[in-house]
Amino acid sequence: MMATMTHEKGLTLVRTFYQQEDVLLIARSLLGKVIVTEIDGELTSGYILETEAYAGIKDRASHAFGGRRTARTETMYGRGGTSYVYLCYGIHCLFNVVTNVEGTPHAVLVRALRPLHGIEVMRKRRAPNRFTTHGPGTLSQALGIRMEHNATDLVNGNIRIEDHGVVVPSKAVIISPRIGVDYAGADSLLPYRFRIASSHASLLPLTGKSVE
DNA sequence: ATACCGATTAACT
DNA sequence: GTTAATCGGTATA
């Protein structure tokens, strides 16, 4: 409750949203929603432009394929509405949303963002003149998300996702295979990647009441 | 203990 | 189109 007192507009997504069974539906639904972080005393937020679904134990591209359960993947087995942050290529902290109920390790990788609040903070977190929030690594960097933010509660924690009432029409959504999962064989071709076409992304409202 | 690999990025040609 | 950077995760022994 306390953590959400500063937000004046937009509804923080509730537990039941994250606990829906269909991870593809959740990945699609997250397009146009707003990620908000309150990290290091800075508030930053942005519209979700791109996601990928990872469908648990039967998905060869998922860390949890085959029911693999290790210190790293343990977070994925938690309840929906928890963050799963892991280190990729030794450099990048990738932010995922755990979905489904406890024991079912589904997740959605958030891959691109359109900045809304705290743009100067995001710019500062990145190298000068290299500001971008397209790509899962740069997105986390801009939002201040680090490994210590793994297993954060997205319903009551310092990372949350809000619905600002933006409607993303089907014709604005491009569905394609996921990136960087060639090792997954046939599953690498599954249409689990969702993104808002750039022509529509520019229509997302940047005006409105400040959440500062 | 050792070896291989990766849900990426940036800087190249 | 190519490739180096970089280090924890994971499997193997």
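As a basis for the values below, the full set of heavy atoms in this structure was taken, side chains included, without hydrogen atoms, waters or symmetry mates. By convention in this document, chain letters (A, B, ...) are assigned in the order of the sequence lines, proteins followed by strands, and residues within each chain are numbered from 1.
A sub-4.0 Å separation between OP1 or OP2 of C:dT10 and a side-chain N or O of A:R72 is present. Taking 4.0 angstrom as the limit, A:R68 places none of its side-chain polar atoms (N or O) nearer than this to OP1 or OP2 of C:dG9. At B:dA7, none of the side-chain N or O atoms of A:Y192 fall inside 4.0 Å of OP1 or OP2 (strictly under the cut-off). Dashed line: the shortest gap from a side-chain N or O of A:R69 to OP1 or OP2 of C:dG9 is not under 4.0 Å. Within the structure, every side-chain polar atom (N or O) of A:H63 is placed at least 4.0 Å from both OP1 and OP2 of C:dG9. At least one side-chain nitrogen or oxygen of A:T70 sits closer than 4.0 Å to the OP1 or OP2 atom of C:dT10.
When the options A:T37, A:L43, A:T44 are evaluated for a side chain to side chain contact (heavy atoms under 4.5 Å, CB included) with A:V121, the one that passes is A:T44. Looking at A:R178, A:R193, A:R114, A:R28 one by one, the single match for salt bridge (charged side-chain N to carboxylate O under 4.0 Å, His left out) with A:E50 turns out to be A:R193.
Between the CZ atom of A:R146 and the C1' atom of C:dG8 there is a distance of 18 Å, rounded to whole Å. Rounded to whole Å, the distance from CD on A:E74 to C1' on C:dG9 is 15 Å. Distance CZ (A:F194) to P (B:dA7): 19 Å, rounded to an integer number of Å. Atoms NE2 (A:H134) and P (B:dA10) sit 13 Å apart, rounded to a whole Å. Whole-Å rounding puts the A:N150 CG to C:dG9 P distance at 10 Å. Across the protein-nucleic acid pair, A:F65 atom CZ and C:dT10 atom P stand 15 Å apart, rounded to whole Å. Note: CG (A:L94) to C1' (C:dG8) measures 13 Å, nearest angstrom. Rounded to whole Å, the distance from OH on A:Y183 to P on B:dC5 is 14 Å.
Ion pairing of A:R160 with A:E38 is present here, as a side-chain N (NZ or NE/NH1/NH2) and a carboxylate O approach within less than 4.0 Å.
Nearest to the side chain of A:I179, among B:dG6, B:dA11, B:dT8, sits B:dT8. Listed nucleotides: C:dG8, C:dT6, B:dA7. Nearest to the side chain of A:I91: C:dT6. Here B:dA10 is the nucleotide among B:dT8, B:dG6, B:dA10 with the atom lying nearest to any side-chain atom of A:R130.
Positionally, the nearest nucleotide of DNA chain C for A:H92 lies more toward the 5' end than for the other of A:H92 and A:M147.
Residue A:R60 is classed as having no contact, given no heavy-atom separation below 4.0 Å to the nucleic acid.
A:Y54 qualifies as a stacking partner of the B:dA7 base, centre to centre under 5.5 Å and near-parallel within 30°.
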message = Determine whether A:Q20 and A:Y18 satisfy the following criterion, side-chain hydrogen bond (donor to acceptor under 3.5 Å, both in side chains), listing intermediate values before the conclusion.
response = CA-CA 6 Å; A:Q20 292 174 278; A:Y18 297 110; over 6 Å; no
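When side chains are defined from C-beta on, A:P205 counts as touching A:Y47, because their heavy atoms get closer than 4.5 Å.
Within the shown strands, C:dT2 is the pairing partner of B:dA11 under the Watson-Crick or G-U definition, both distances less than 3.5 Å.
Figure legend: A:R72 and A:Y84 shown without cation-pi pairing, the cationic atom not lying both under 6.0 angstrom from the six-membered ring centre and within 45 degrees of its axis.
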